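Predicted model only: the values in this text are computed from it and were never measured.
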Amino acid sequence: MLKRTCTCGEPRKNNSGETITLSGWINTYRDQGKGLVFIDLRDRYGMTQVVFDAEDTPTEVMDAGSTLRREDVISVTGEIRLRDGKPNARLATGEIELVAKDIEVINRTAKLPILPDDHDADKIGEEHRLKYRYIDLRRPAMQKILKLRHQITQFTRNFFASNDFLEIETPLLITPTPEGARDFIVPSRHQEGCWYALPQSPQIFKQILMVAGCDKYLQICKCLRDEDPRADRQAEFTQIDLEMSFVDQDDVLAIMSEFATGLYKEVGGIDLGDLPHISWKDAMDKYGSDRPDTRFDLQLQDVTELASKTDFKVFNEACESGGNVKAMRVPGGAEKLSRKKTDAFAEVAKTYGAGGLPVVKYEGGKFVTGVAKFVEPIKEELVQALGLEDGDIVMFGVGSYRVACTSLGEVRLAVAKELDLIPKGLFRGLWVIDFPMFDWNEEGQRWVSEHHPFTAPLESHLDILESDPENCLSSGYDLVINGAEVGGGSIRIHTPEIQSKVFGLLGLSQEEAEDKFGFLLNALRFGAPPHGGVAFGLDRLVMMMIGTDNIRDVIAFPKTQTGADLMCEAPGIADPNQLDELGIIMREPVQTTEPA
RNA sequence: GGGGCGGUAGCUCAAUUGGUUAGAGUACCGGCCUGUCGAGCCGGUUGUUGCGGGUUCGAGUCCCGUCCGCCUCGCCA
């Protein structure tokens, strides 16, 4: 093999006259006829134009050159020279070209199913890109993502290493636990009938590492949750997982803020500014979300009391059942938001549990359209409360506190998108703190953890943990950037007494708690330091910096909505002998279906 | 589990109220062309219309079922 002496991104005009060897893929070929062929040779580092010029290239090399096709793999030796034609400003190497003197055609490609072209990549069906991922990943845009992801993990390791964190691995084969997401489970061969779970996160292990005196822990680890994916969510994803001992919330937020702002600045060239703290209640009240997007101004206001003075049945029912009415003023919205558009926003509200989206416009000093006649009696008060000006539109979120807030909060995002209120290139981050400890689950008629069962209550709320769980706040915190949760954590419970109480509130009996979490409770009995930490979603960090909404763009080998890997065709059928060794009998004979 | 969108040539798409031989661009193959760079010009090959069933004289088009992909609600401590 002709071994390369430099990469396709390197040669410049000051290398003129040098003889070098390049290796790579044929990106394009331009055959000008007998005696002149251009190819662009591509590797991870860039592209260089290679010219086969009969005046300077040996005949047999000319012949080989004219047979080259896109994505063939070659090595080519030649001399760098300034281009005869115009330089190509779009290529870093655009001022020079390599005059082919010797060539080795290393591997010719079969007929290509897709072309690795950034130019029309978004036109290619994602299904094809995933099936032929090795071709798709050759695209410079995909290479850029892989590199950015690498830079983020490198920055992370360097940052935390220089702050005395130890990178420690935790097991992949662990024990199934109740609570939380559905586990992926793995059969045990040695103990027939028993199963491992794949970790939803290393949560308990990292806490135990604190008990073990490790003090500061870091891991960049895979987490697995057998739940339905979304555009920004995969069953298999990566967390930057951290834990620290002898710290309080301020300590954790301080170093994690330093990390986050440093990361965005160093790797992304993005100034995140300060990361203010906002309480969960404030976030819900003002933005209708526990991950508020603060890049634009629209805010929600509570008008429950005013609404109760109206004769509007929808308002009254919410008020009487202890719910809320939230209002959002959209300045100048009366003209910009047609009935058709507000109807579309109503669909958004309905998706999030609201019955609809009452709307009223304020024009010429009076309310018009929608629920105008219902809010007329509270006109003066409403105008004053919301600071209404002529030409505004008001939308209402009605329902239980969470439904009123979140449905209108989602409408807020839709309105911002519709009216193009979100400045491009702006990044805004904040910490959401003071989450509730619990959320009441109607279906199961029990409390569930808002964060997770190991989250400590605020010290000041310890006394109401059991007497008033609804109002007990936790030490949980989420880092939110541009309306996306990019990380979250908490100060953990570090005594077995409180941990048992929380398990109890979650409806886990003493026996169940001991059975499922005994190892943690035990660890807490043997000298657990106060500790807390964070996990950042690596995939989301990459997505945000690269500017994509699609998590599959930032994962080398992602899975589909049904958890399939279209390239390797996972999941697959196990050999009957494998199942037999594991003591597993299929309920139904396996149906092999022909792929479509 | 629910709702929505989609599946036609290797790829991206078109195909009128159901109508005869399913087209175009691109890729690929052949030819021409000595300064191109998403090269150009000329010619050519390419189809289980996802799969199965039904209605019909006739189905890419209508109906039923099913598979796959995407978006989404639930779910994701």
Query raised in the report: Does Gln49(A) have a side-chain nitrogen or oxygen under 4.0 Å from the phosphate oxygens OP1 or OP2 of U36(B)?
Result: no
Report summary line: Out of C76(B), C11(B), G35(B), minimum distance to the side chain of Glu227(A) belongs to C76(B)
Requested in this report: State whether His128(A) places a side-chain N or O below 4.0 Å from either non-bridging phosphate oxygen (OP1 or OP2) of U12(B).
Outcome: yes
Report task. Nearest whole angstrom, please: distance from the C1' of C28(B) to the CG of Asp31(A). Result -> 15 Å
Report task. Could you tell me whether Thr177(A) contacts a base, only the sugar-phosphate backbone, or nothing, with contacts defined as non-hydrogen atoms closer than 4.0 Å? Result -> nothing
Query raised in the report: Which listed nucleotide (C70(B), C76(B), C37(B)) is nearest to the side chain of Lys86(A)?
Result: C37(B)
Report summary line: Between CD of Gln561(A) and C1' of G3(B) the distance, given in whole Å, is 13 Å
Report task. Would you classify Gly94(A) as touching base, sugar-phosphate or nothing, given that sugar-phosphate means primed atoms plus P, OP1 and OP2, and contacts are heavy atoms under 4.0 Å? Result -> nothing
Query raised in the report: Taking OP1 and OP2 of U72(B), is either one under 4.0 Å from a side-chain nitrogen or oxygen of Thr351(A)?
Result: no
Report task. Using modelled atom types only, decide if a donor and an acceptor are shared between the side chain of Glu227(A) and the backbone of Arg182(A) within a distance under 3.5 Å. Result -> yes
Query raised in the report: On a whole-Å scale, what distance lies between the P atoms belonging to A15(B) and G3(B)?
Result: 28 Å
**Report entry** Separation between the P atoms of G50(B) and G7(B), rounded to whole Å
**Finding:** 8 Å
Report task. Could you tell me whether Gln203(A) contacts a base, only the sugar-phosphate backbone, or nothing, with contacts defined as non-hydrogen atoms closer than 4.0 Å? Result -> base
Report summary line: Rounded to whole Å, CG of Asn441(A) lies from P of C75(B) at a distance of 8 Å
Query raised in the report: What integer number of Å spans the C1' atoms of A59(B) and A22(B)?
Result: 12 Å
**Report entry** Any donor-acceptor N/O pair under 3.5 Å between C37(B) base and Arg83(A) side chain
**Finding:** yes
Requested in this report: Could you check whether Arg230(A) gets within reach of a base, just the sugar-phosphate, or nothing at all, counting any heavy atom under 4.0 Å?
Outcome: base
Query - OP1 or OP2 of A39(B) under 4.0 Å from side-chain N/O of Arg30(A) - result: yes
Query raised in the report: For Ala416(A) and Ile422(A), which heavy atoms make the closest approach, and how far apart are they?
Result: CB-CG1, 4.1 Å
Report task. Starting from C1' on C68(B), measure out to CG on Asp565(A) and report it in whole angstrom. Result -> 15 Å
Requested in this report: Consider the side chain of Pro113(A), meaning its heavy atoms from C-beta on, and name the nucleotide among U34(B), C37(B), G10(B) that approaches it most closely.
Outcome: G10(B)
Query raised in the report: To the nearest angstrom, how far is Glu569(A) atom CD from C68(B) atom P?
Result: 13 Å
Query - Spacing of the C1' atoms in G35(B) and C29(B) (rounded, Å) - result: 26 Å
Report task. Rounded to the nearest angstrom, tell me the gap between atom CD in Glu127(A) and atom C1' in C70(B). Result -> 9 Å
Query raised in the report: Base, sugar-phosphate, or nothing: which does Arg108(A) touch, judged by heavy atoms less than 4.0 Å apart?
Result: nothing
Report task. Name the nucleic acid region contacted by Asp226(A), choosing base, sugar-phosphate or nothing; use a 4.0 angstrom heavy-atom cut-off, strictly under. Result -> nothing
Report task. Assign the ring pair Trp280(A) / Phe435(A) to parallel, tilted or perpendicular, where the plane angle (0 to 90°) is split at 30° and 60°. Result -> tilted
Query raised in the report: Touch check for Tyr132(A), heavy atoms < 4.0 angstrom, all strands: base, sugar-phosphate only, or nothing?
Result: nothing
**Report entry** Distance between C1' atoms of U26(B) and A39(B) (Å, rounded)
**Finding:** 15 Å
Report task. Verify the contact: side-chain N or O of Tyr29(A) to OP1 or OP2 of C28(B), cut-off strictly under 4.0 Å; return yes or no. Result -> yes
Query raised in the report: From the list A27(B), U72(B), U34(B), which nucleotide is the closest neighbour of the side chain of Arg70(A)?
Result: A27(B)
Requested in this report: Describe the nucleic acid contact of Arg552(A) in one word from base, sugar-phosphate, nothing, applying a heavy-atom distance below 4.0 Å.
Outcome: sugar-phosphate
Requested in this report: Write down the distance separating the P atoms in U8(B) and G1(B), rounded off to the nearest Å.
Outcome: 26 Å
**Report entry** Asp53(A) with Arg81(A): basic N within carboxylate O range, under 4.0 Å
**Finding:** yes
Query raised in the report: Choosing from C73(B), C11(B), U36(B), which nucleotide comes nearest the side chain of Ile114(A)?
Result: C11(B)
Query raised in the report: Rounded to whole angstrom units, what separation is found between the CD1 atom of Ile551(A) and the C1' atom of C71(B)?
Result: 15 Å
Report task. Could you work out which one of U34(B), C11(B), C70(B) sits closest to the side chain of Ile124(A)? Result -> C11(B)
Query raised in the report: Distance between the C1' atoms of A27(B) and U46(B), in whole angstroms?
Result: 11 Å
Report task. Return yes when atom CZ of Arg233(A) has more than 12 non-hydrogen atoms of other residues, nucleotides or ligands closer than 6.0 Å, and no otherwise. Result -> yes
Requested in this report: Whole angstrom is fine here: how far is it from CE in Met62(A) over to P in U34(B)?
Outcome: 11 Å
Report task. Can you figure out which of G69(B), C76(B), C28(B) approaches the side chain of Leu566(A) most closely? Result -> G69(B)
Query raised in the report: Quick one: which of C28(B), C71(B), G74(B) gets closest to the side chain of Asp228(A)?
Result: G74(B)
Query raised in the report: Ion pair present between Arg446(A) and Glu179(A), side-chain N to carboxylate O less than 4.0 angstrom?
Result: yes
Report task. Record whether the side chain of Arg233(A) comes under 3.5 Å of the base of C75(B) through a donor-acceptor pair of N or O atoms. Result -> yes
**Report entry** For C29(B), the Watson-Crick or wobble partner whose two distances fall under 3.5 Å
**Finding:** G43(B)
Report task. May I ask you to say what Thr562(A) touches in the nucleic acid, namely base, sugar-phosphate or nothing, with a heavy-atom cut-off under 4.0 Å? Result -> sugar-phosphate
Query raised in the report: Hey, does the side chain of Thr560(A) come within less than 4.0 Å of G69(B)'s phosphate (OP1/OP2), counting only N and O?
Result: yes
Requested in this report: Using the P atom as the reference point in each nucleotide, state the distance between A24(B) and U17(B) in Å, no decimals.
Outcome: 22 Å
**Report entry** Pairing partner (Watson-Crick or G-U wobble, both distances under 3.5 angstrom) of G52(B)
**Finding:** C64(B)
Query - Opposite nucleotide pairing with C70(B), Watson-Crick or G-U, both atom distances under 3.5 Å - result: G4(B)
Report task. Please work out if Glu485(A) contacts a base, only the sugar-phosphate, or nothing of the nucleic acid, heavy-atom cut-off 4.0 Å. Result -> nothing
Query raised in the report: Just how far is it from atom CD1 of Ile74(A) to atom CD1 of Ile39(A), taken to the nearest 0.5 Å?
Result: 3.5 Å
Query raised in the report: Looking across every strand, which nucleic acid part, if any, lies under 4.0 Å from Ala564(A) by heavy atom: base, sugar-phosphate, or nothing?
Result: sugar-phosphate
Report task. Could you tell me whether the side chains of Asn550(A) and Glu126(A) share a donor-acceptor contact shorter than 3.5 Å? Result -> yes
Query raised in the report: Between Glu236(A) and Lys222(A), does at least one N-O distance fall below 4.0 Å, as a salt bridge requires?
Result: yes
Requested in this report: Test for a donor-acceptor pair under 3.5 Å between the base of G35(B) and the side chain of Arg81(A), counting only N and O atoms.
Outcome: yes
Report summary line: Judged by nearest nucleotide, the residue sitting upstream toward the 5' end of RNA chain B, Phe38(A) or Tyr352(A), is Phe38(A)
Query raised in the report: What nucleic acid atoms does Asp53(A) come within less than 4.0 Å of, heavy atoms only: base, sugar-phosphate, or nothing?
Result: base
Query raised in the report: Where each residue is assigned the nucleotide of RNA chain B containing its nearest heavy atom, which of Glu179(A) and Asp549(A) is assigned the position nearer the 5′ end?
Result: Asp549(A)
**Report entry** Complementary nucleotide of A24(B), counting Watson-Crick and G-U pairs under 3.5 Å
**Finding:** U12(B)
Query raised in the report: Does NZ or CZ of Arg69(A) lie under 6.0 Å from the centre of the six-membered ring of Tyr29(A), at an angle within 45° of the ring axis?
Result: yes
